[in-house]
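What's counted below: heavy atoms across the whole structure, side chains too, no hydrogens, waters or symmetry copies.
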Amino acid sequence: MAKKRKKAFDPNHDTDARGGVTKLTGMYKEYFLDYASYVILERAVPAIEDGLKPVQRRILHSMRTLEDGRFHKVANIIGNTMMYHPHGDAAIGDALVNLGQKDLLIETQGNWGDVRTGDSAAAPRYIEARLTKFALEVAFNPQTTNWQVSYDGRRKEPINLPMKYPLVLSQGVEGIAVGLSTKILPHNFIELLKGSIKILQEKRVKLYPDFQTGGMIDVSDYQGGKRGGRVRIRARIEQQDKKHLVVKELPYGVTTTSLIDSVIKANEKGKIKIKKIVDNTAKDVEVVIELAPGVSPDVTMDALYAFTYCEVSVSPNACVIVENKPEFLTVEELLKISTFRTKDLLRQELEIKKGELEEKWHFSSLEKIFIEKRIYRDIEECETWEAVIEAIQVGLDKYVATPSTKKPKDTRLLLYRDITEDDIVRLTEIRIKRISKYNSFKADELIREIEAELEQVKHDLAHLTEYAIAYFERLIVKYGAGKERRTEITEFDTIRATRVIANNAKLYANFKEGFIGTGLKKDTFISDCSDIDNIISFRKDGVFVVNLIADKVFVGKEIIHTAVWKKNDDRTTYNLIYLDGKTGRAMAKRFNVKSVTRDREYDLTTGAKGSRVLYFSANPNGESEIVEVQLTPGCKAKKKKFDFDFSEIAIKGRGAKGNIVTKYPVRKIQQIEVGKSTLGAIKIWMDEVSGRLNKEERGKYLGAFDTGDLILSIYKDGTYELSELDMHKKFDPAQLYYISKLEKDTVISAIYYEGEKGWTMVKRFQIETSTVGQKFQFITEHRSSKLYYATGDPAPVIRYGIRKRNKKEEEVLDIPEFIDVKGWKAIGNKLTENKLISVDEVAEKENTKPAGAGKKAAKTDDASEGTGDQLGLFDQGENGESGDEGTLSTGDTIEFDLD
């Protein structure tokens, strides 16, 4: 008997003959798609209609069913919510706490945690909640709600809440589903409502995020919150003094705990240098950072933004469920959809109210006729219920008409609809007591009120857009207090990590063996550096290479120069003389190294065998130099020693061949003179907002700086300071009065109040000190002394105001004619015994008698000429109080608080 052949396994069948193997192909396809759809629709992504995820919607609906005006234990709310869906109690509790911390829909009581510190809420049995008045007004209306049966069929739950507010944009949302995610940032309450008004007015709307924690945000790449956009968010950091920085506001999603951890890690890695960090957060955020001795607070502030959670980058991804499908939209599109949905819900509510008023008017009119016309007497002789109904109907027909019974020129009262049997039944249920005490005047008054209200509803329906605008305006007035924008919209400078990182390492080099790194502590020390710096190394064979700093890196033997290299550095210039191995000539070249490929070797010579470097120097500001070239004694050249000036050759690319120095053999080359920069002076500006120096023409022009030039800055406290040109230095515009390049003939003109004598003084002086980085007080040190005006302009003319007999008097002062230049410590000349209430610069000397001068002022050039400008002066506020800071320019007035 032949053996029965085994059946081969077929993956397209459910089982095979070897034991009933179930295939997974179809199951995976169907089950996975079902699971993905479930997570997207029922868990992670909010619906466009109300901006809520299902668990949030069930929580709010559950709280509405429990609503009695009093607080409920959160444990109770969790249990009640589980009747609508078997969410886990922890999941419901977390979602409820999250909603409560938004401080919009849920009013909380007890310890609900703190989004600023990351502290969690107390156990549900200890904390309580109830719906806010705002939530009750905008989120619930059973008449406009679409309902569905709950999971067990015992109860009804809303498919969507009739939300009349762009909740998804206000609260923000974050969710991760299967195959997609959503991240909508929160926006400002008032701005959203104003945006809805603008949409209804057919105006353009632009929305930007706003966070509970405040901070600052750069929205230049927000792109409407759609995929591909990005926002940068920073903490607000203030400088308490030279040794302390204070974090006052946090970036979105960052807690004080996570921020402190990131600062400590950056300090441990040596990227910043701090001594101590303390969290003093109570009512307001206050994280105090104590700096290490000698560390710049300005550079540390930038380093905190570069290396810690003081700055975070967030990529929004606005995704919502629209008609059971996820859609990616901009926040402006979301607001538009929400606005028109709100308008439609308002229309539905008005139509429902209109129907209710019509019903109320309908029955009130029937009741009035039924009682006043004594129709109830017609049923006294009726023996059956049908006869009663018919008698009342006949009696009413004499006095009222309906849309179906109306006749031409009918004088009867026209009802909105036909009379039904239910209407007649309601009339029969009127008690004798009510009939006997029926007040016709009050009935007429009630009907008139209903008619007036009905007319208003009809008017609102006819002007629905205006009604919707009024609704949004009412929400702003009613609930907008305390919901002003907290996050400042600004534009951030890009902070290069290499510019602000603390020097947390030391660079060493073994020139002979060709090693560089931070671990070669027995070899030659080069400079301080950071662990993210690039290092450039030049070798004797004319090759250079750029490497990332490491513990030990081989760059090639016979190193002649190594240093920290900065990308796009167009100032550092290398002067080179090399021997061309092919021709035997000495060639000279000047070049920059602006960009390279890391770890790649670049040959600065012609590449011929035997080529080598004869002379090399690195010049940070493009300085030229003169070198002495000595030829070998046995060469045929008549002149065996001559000077070569590098300033005579142009700076070219690193690949240039160079200029011929000599065709004879060179014995020695040595430097004999360092020249000035051949690149010319650097034009420097100061950004008036950030106080940073820059070369991009942002802000106030300070001047063209060459080697050795200094910056003169005058401060509101009556001090001046000389500073070297350091692009890392950051000035405080709020404290700065005047800033410019210091010239040899710069004369400072100042007007100040001398506190001890009680006089207003004028002085002119030149800078006599030479110490850099130290402030010098040029007004008296009395606590009441106060600087009114200071400038470095050569011929300033000002108009000042004083108060005499409760009247303001103004005079013109030509400062150079009023006082000569004296020493910087001199008190100056008395201008007046009064305090000044205003000072303003005038473009030309006016034909008026200057104060204190016995002659008329002559005409002069514009007093505002010069490289410097006045900064940070204050305007007069109400009641003599100082107002906003600003910039003084010709014709502007400065007024002062005399208190």
Side-chain angles (χ1 to χ4, degrees), residues 703 709-723 736-800 802 811-836 839-842 845 848-858 860-871 873 888 894 896:
D709 286 339
L710 298 176
I711 298 173
L712 168 65
S713 49
I714 301 176
Y715 297 92
K716 290 181 179 180
D717 60 0
T719 61
Y720 74 83
E721 179 184 21
L722 300 180
S723 311
L736 201 59
Y737 202 107
Y738 172 89
I739 186 168
S740 74
K741 174 187 171 184
L742 177 66
E743 304 289 355
K744 290 182 179 179
D745 58 350
T746 297
V747 175
I748 305 301
S749 302
I751 302 175
Y752 72 97
Y753 177 73
E754 206 289 307
E756 185 175 351
K757 292 183 171 61
W759 297 345
T760 296
M761 312 294 293
V762 181
K763 66 184 293 184
R764 298 179 73 222
F765 63 93
Q766 285 189 301
I767 303 298
E768 300 171 15
T769 58
S770 58
T771 306
V772 175
Q774 180 180 341
K775 289 185 177 181
F776 293 91
Q777 186 97 19
F778 63 87
I779 66 174
T780 56
E781 295 183 356
H782 192 275
R783 64 178 183 178
S784 298
S785 295
K786 178 180 181 179
L787 181 64
Y788 285 140
Y789 173 81
T791 182
D793 293 343
V797 180
I798 60 107
R799 181 188 293 108
Y800 66 91
I802 57 176
E811 295 190 42
V812 173
L813 175 67
D814 181 345
I815 296 179
E817 291 187 5
F818 180 77
I819 184 172
D820 292 328
V821 176
K822 299 182 180 181
W824 72 276
K825 291 185 178 180
I827 295 178
N829 291 3
K830 182 173 76 171
L831 176 63
T832 175
E833 294 183 359
N834 303 90
K835 289 184 177 181
L836 303 191
V839 176
D840 71 287
E841 287 185 336
V842 293
K845 298 181 182 179
T848 338
K849 182 177 180 180
K855 54 189 176 181
K856 291 185 179 179
T860 187
D861 294 332
D862 190 329
S864 65
E865 286 183 358
T867 56
D869 280 291
Q870 285 70 31
L871 298 168
L873 303 178
L888 177 69
I894 322 163
F896 304 100

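- Applying the salt bridge (Lys or Arg N to Asp or Glu O under 4.0 Å) criterion to Lys822, with sequence neighbours excluded, gives no partner residue.
- With contacts defined as side-chain heavy-atom distances shorter than 4.5 Å, the pair Val812/Asp814 does not qualify.
- Considering every non-hydrogen atom in both Gln766 and Lys744, the closest pair reads NE2-O, 3.8 Å.
- Applying the ring pair (Phe, Tyr, Trp, His ring centres under 6.0 Å) test to Phe765 and every residue at least two apart in sequence or in another chain returns Phe778.
- Listed by first and then second residue, the side chain to side chain donor-acceptor pair (under 3.5 Å) pairs involving residues 753-763 are Glu754-Thr780 (not counting sequence neighbours).
- Residues Lys835 and Ile802 share a closest heavy-atom pair of O-CG2, 3.8 Å.
- Nearest heavy atoms, Glu768 versus Tyr720: N-OH, 4.5 Å.
- A heavy-atom distance below 4.5 Å is not found between the side chains of Ile711 and Leu742.
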Could you check Ile748 against Leu712 for side chain to side chain contact (heavy atoms under 4.5 Å, CB included), going step by step and ending with a plain yes or no? CA-CA 10 Å; Ile748 305 301; Leu712 168 65; 3.4 Å; yes
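- Leu736 and Ser713 get closest at one heavy-atom pair: CD1-CB, 3.7 Å.
- Side-chain contact between Ile815 and Tyr789 is present, with heavy atoms from C-beta onward closer than 4.5 Å.
- Note that OH of Tyr800 is 7.5 Å distant from CG of Leu836, once rounded to the nearest 0.5 Å.
- With rounding to the nearest 0.5 angstrom, the CD1 atom of Ile739 is 10.0 Å from the CD1 atom of Ile714.
- Listed here is the closest heavy atom pair of Pro796 and Asp793: CD-O, 3.4 Å.
- Using a 4.5 Å heavy-atom threshold, the side chains of Met761 and Lys830 count as touching.
- Side chains of Ile767 and Leu710 form no contact here, defined as non-hydrogen atoms less than 4.5 Å apart.
- Closest non-hydrogen pair, Tyr752 versus Leu787, comes out as CB-CA, 4.0 Å.
- Side-chain N or O atoms of Thr769 include none that pairs as donor or acceptor with a backbone N or O of Thr771 at under 3.5 Å.
- If you take CD1 on Ile751 and CD1 on Ile798, they are separated by 3.5 Å, rounding to the nearest 0.5 Å.
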